[in-house]
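What follows is a short report on a single structure.
The figures that follow rest on heavy atoms only: side chains count, while hydrogens, waters and symmetry mates do not.
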Amino acid sequence: MIRAGRRHLVRTLADIAAQQDVALQTLLNTRQHQAEGFPAPLNAGRTRLYDGEQIDAFLARRPVPPLPASDEEEDLLDRQEAAALRGVEPYQWDTRKKNPAVAEHLVLIHGVEHWPRHVVRDHTPTPRRHAGGGGGGRPTGAGDQVPRDQLHARVAQLLDDDPHLTAAGVTDRLGVHRNTAQSALTQLRAERMADRMQERELNTAQAATDLGYPPGLTRRAAVRAEAVLRGRQVLPYLADVAQALHTQGWTSSGTAPAVQYPDNVCVAVLVLDAPAAPAPALAWSEQHGWRTATSRRHPLGRGAARPPPGDGVCHLATGITPAPAALVQALYTTG
């Protein structure tokens with residue numbers, strides 16, 4: 001909760017790192033934010049917010065002043081606090097907050113949604129009951145009710161609130177297919193586990209425990225988390241290759257490609273979109289190295305982690321991560 005009149009003091013961990021002229025990753029690695037006496041965050045969400053007056057006192061080694069204790073009409077409540085005040089679950093607040101009487105009072109602070117206490121208390125309508133009875137969950141034959149570009153953020157909110165969240169719970173709350181829910185949950189848990197593994201040098205089991213994830217819900221995520229870490233390690237190499245191809249005039253951008261994880265194998269695609277390029281695209285996998293692809297729209301083909309046989313597909317250079325110059329030379333030979 002952000003107490004009334006203190007919105008201008010709110011800082012993120014990135015702000016606190018910049019205040020000390022260090023990188024955010026350095027602050028996380030030193031675990032300064034977990035040190036004894038470090039001010040408690042103002043919220044429980046993934047983007048933690050802090051009171052600047054308290055932070056200044058901590059960094060100056062002065063006693064950290066307490067926050068105002070009395071509730072005020074203009075206190076700003078986050079999603080979880082708003083739900084608690086109304087006596088509902090956070091996912092139910094996600095529906096209520098769309099009412100115009102509430103939505104017009106939305107306050108975004110460093111990307112985190114907040115609402116004034118009096119708005120939450122006085123202007124949130126009573127939730128409607130759905131006609132027709134019946135059980136919960138997603139109706140048979142119904143399409144996903146959350147757009148794919150919003151799914152990651154919506155499931156992330158649910159997982160923030162409940163580390164024990166299951167695919168069935170996501171389906172019930174968001175109205176998406178069970179497979180869609182499971183895929184999103186696995187991806188999110190894996191990314192967060194990989195973050196903890198990287199920041200704190202933990203293994204998958206330790207990272208899951210640190211995040212509060214039950215062992216029975218993290219088997220798939222543990223395997224994916226290992227793949228995510230391997231993907232992060234290979235990104236600098238992929239960036240060098242992308243820049244080398246761009247220098248040859250074969251691509252319109254020298255940006256590193258995103259790493260994908262079909263069957264928990266790291267793969268990446270570079271589309272060669274220049275007219276004089278020696279191939280439509282290149283595909284890389286941590287198992288087979290580089291190969292050409294015959295399609296820009298579907299360069300990986302079926303069985304994305306395994307190179308498909310067929311005319312026009314040529315394996316390039318030697319090894320999994322050949323030098324960018326060697327890859328360029330192999331492409332000239334192929335062309």
Side-chain angles (χ1 to χ4, degrees), residues 1-2 7 10 12-14 33 40-50 75-100 102-117 119-121 124-125 127-128 136-138 142-196 207-208 210-214 217-218 220-221 224-225 228:
M1 175 193 319
I2 300 170
R7 174 182 174 184
V10 176
T12 64
L13 285 176
H33 59 300
L42 302 173
N43 63 329
R46 193 175 187 190
T47 301
R48 296 298 175 91
L49 305 176
Y50 297 84
D75 289 341
L76 294 174
L77 310 185
D78 68 10
R79 174 175 175 264
Q80 292 173 315
E81 293 161 342
L85 181 62
R86 295 300 301 184
V88 299
E89 294 296 326
Y91 74 88
Q92 294 172 303
W93 174 254
D94 289 340
T95 299
R96 296 187 180 198
K97 71 182 183 182
K98 297 174 185 177
N99 185 282
V102 177
E104 66 181 358
H105 296 282
L106 171 66
V107 179
L108 279 176
I109 302 177
H110 295 287
V112 181
E113 295 181 331
H114 290 79
W115 299 264
R117 178 184 297 279
V119 171
V120 176
R121 185 192 62 223
T124 307
R128 298 177 180 175
R138 176 177 178 268
D144 288 343
Q145 297 175 28
V146 177
R148 288 300 178 100
D149 61 348
Q150 299 178 19
L151 181 65
H152 190 278
R154 295 287 298 277
V155 177
Q157 284 187 330
L158 296 178
L159 189 58
D160 284 341
D161 297 336
D162 180 11
H164 292 237
L165 184 66
T166 64
V170 174
T171 296
D172 183 55
R173 297 177 186 187
L174 299 185
V176 298
H177 191 279
R178 178 68 174 269
N179 291 346
T180 303
Q182 184 62 66
S183 177
L185 263 181
T186 298
Q187 179 183 348
L188 275 163
R189 282 198 169 107
E191 290 172 353
R192 295 181 180 186
M193 289 168 65
D195 289 342
R196 291 296 173 94
D210 200 46
L211 290 161
Y213 299 156
L217 298 178
T218 57
R220 298 179 185 178
R224 175 63 63 84
V228 169

Does any part of the side chain of Arg48, heavy atoms only, come nearer than 4.5 Å to the side chain of Thr12, both counted from C-beta?
no
From CA spacing to verdict: side-chain contact (heavy atoms from CB on, under 4.5 Å), Leu217, Arg189:
CA-CA 9 Å; Leu217 298 178; Arg189 282 198 169 107; 3.9 Å; yes
Separation between CG of Leu188 and CG of Leu151, rounded to the nearest 0.5 Å
8.5 Å
Give a yes or no answer on whether the side chain of Gln157 reaches the backbone of Arg154 with a donor-acceptor pair at less than 3.5 Å.
no
Expected output: side-chain Asn43 to main-chain Thr47 donor-acceptor under 3.5 Å
yes
Residues in salt bridge (charged side-chain N to carboxylate O under 4.0 Å, His left out) contact with Asp195, at least two apart in sequence or another chain:
Arg46, Arg232
Where do Leu42 and Met1 land on the side-chain contact (heavy atoms from CB on, under 4.5 Å) test, with the steps shown first?
CA-CA 5 Å; Leu42 302 173; Met1 175 193 319; over 6 Å; no
With a 4.5 Å heavy-atom cut-off, do Arg196 and Leu211 have their side chains touching?
yes
Heavy atoms of Ala190 and Ala221 approach each other most closely as CB-O, 3.6 Å
One pair to check against side-chain contact (heavy atoms from CB on, under 4.5 Å): Leu13 and Tyr50. What are the steps and the verdict?
CA-CA 8 Å; Leu13 285 176; Tyr50 297 84; 3.6 Å; yes
Using 0.5 Å steps for rounding, measure from the OG atom of Ser183 to the CZ atom of Arg224.
7.0 Å
List the atom pairs, donor and acceptor, that lie under 3.5 Å between side-chain atoms in residues 158-167 and the rest of the protein, sequence neighbours left out.
| unit_1 | atom_1 | unit_2 | atom_2 | d |
| --- | --- | --- | --- | --- |
| Asp160 | OD1 | Arg192 | NH1 | 2.9 |
| Asp160 | OD1 | Arg192 | NH2 | 3.2 |
| Asp161 | OD1 | Arg79 | NH1 | 3.4 |
| Asp161 | OD1 | Gln80 | NE2 | 2.4 |
| Asp161 | OD2 | Arg79 | NH1 | 2.3 |
| Asp161 | OD2 | Arg79 | NH2 | 3.3 |
| Asp162 | OD1 | His164 | N | 3.0 |
| Thr166 | OG1 | Gly169 | N | 3.1 |

Please tell me whether Thr186 and Gln182 have a donor and an acceptor in their side chains that are separated by less than 3.5 angstrom.
yes
Taken in chain and number order and not counting sequence neighbours, the residues that satisfy salt bridge (charged side-chain N to carboxylate O under 4.0 Å, His left out) with Glu113 are Lys97
Correct closest heavy-atom pair for Ala82 and Leu77 would be N-CB, 4.1 Å
Considering only heavy atoms from C-beta outward, does the side chain of Val120 approach that of Arg86 to under 4.5 Å?
yes
Does any non-hydrogen side-chain atom of Trp93 lie less than 4.5 Å from one of Val102?
yes
Out of Asp78, Leu76, Val112, Val107, which one pairs with Ile2 under the side-chain contact (heavy atoms from CB on, under 4.5 Å) rule?
Leu76
Per the side-chain contact (heavy atoms from CB on, under 4.5 Å) rule, which among Leu106, Leu49, Leu108 passes with His114?
Leu49
Check: His152/Glu191 side-chain N/O donor and acceptor closer than 3.5 Å:
yes
Is there a donor-acceptor pair under 3.5 Å between the side chain of Thr171 and the backbone N or O of Val176?
yes
All heavy atoms of Ala194 vs all of Ala225, minimum pair found to be CB-O, 4.0 Å
For the atom pair CZ (Arg7) and CG (Asp75), what is the distance rounded to the nearest 0.5 Å?
14.0 Å
Point-to-point distance, once rounded to the nearest 0.5 Å, from CH2 of Trp115 to CD of Glu104
14.0 Å
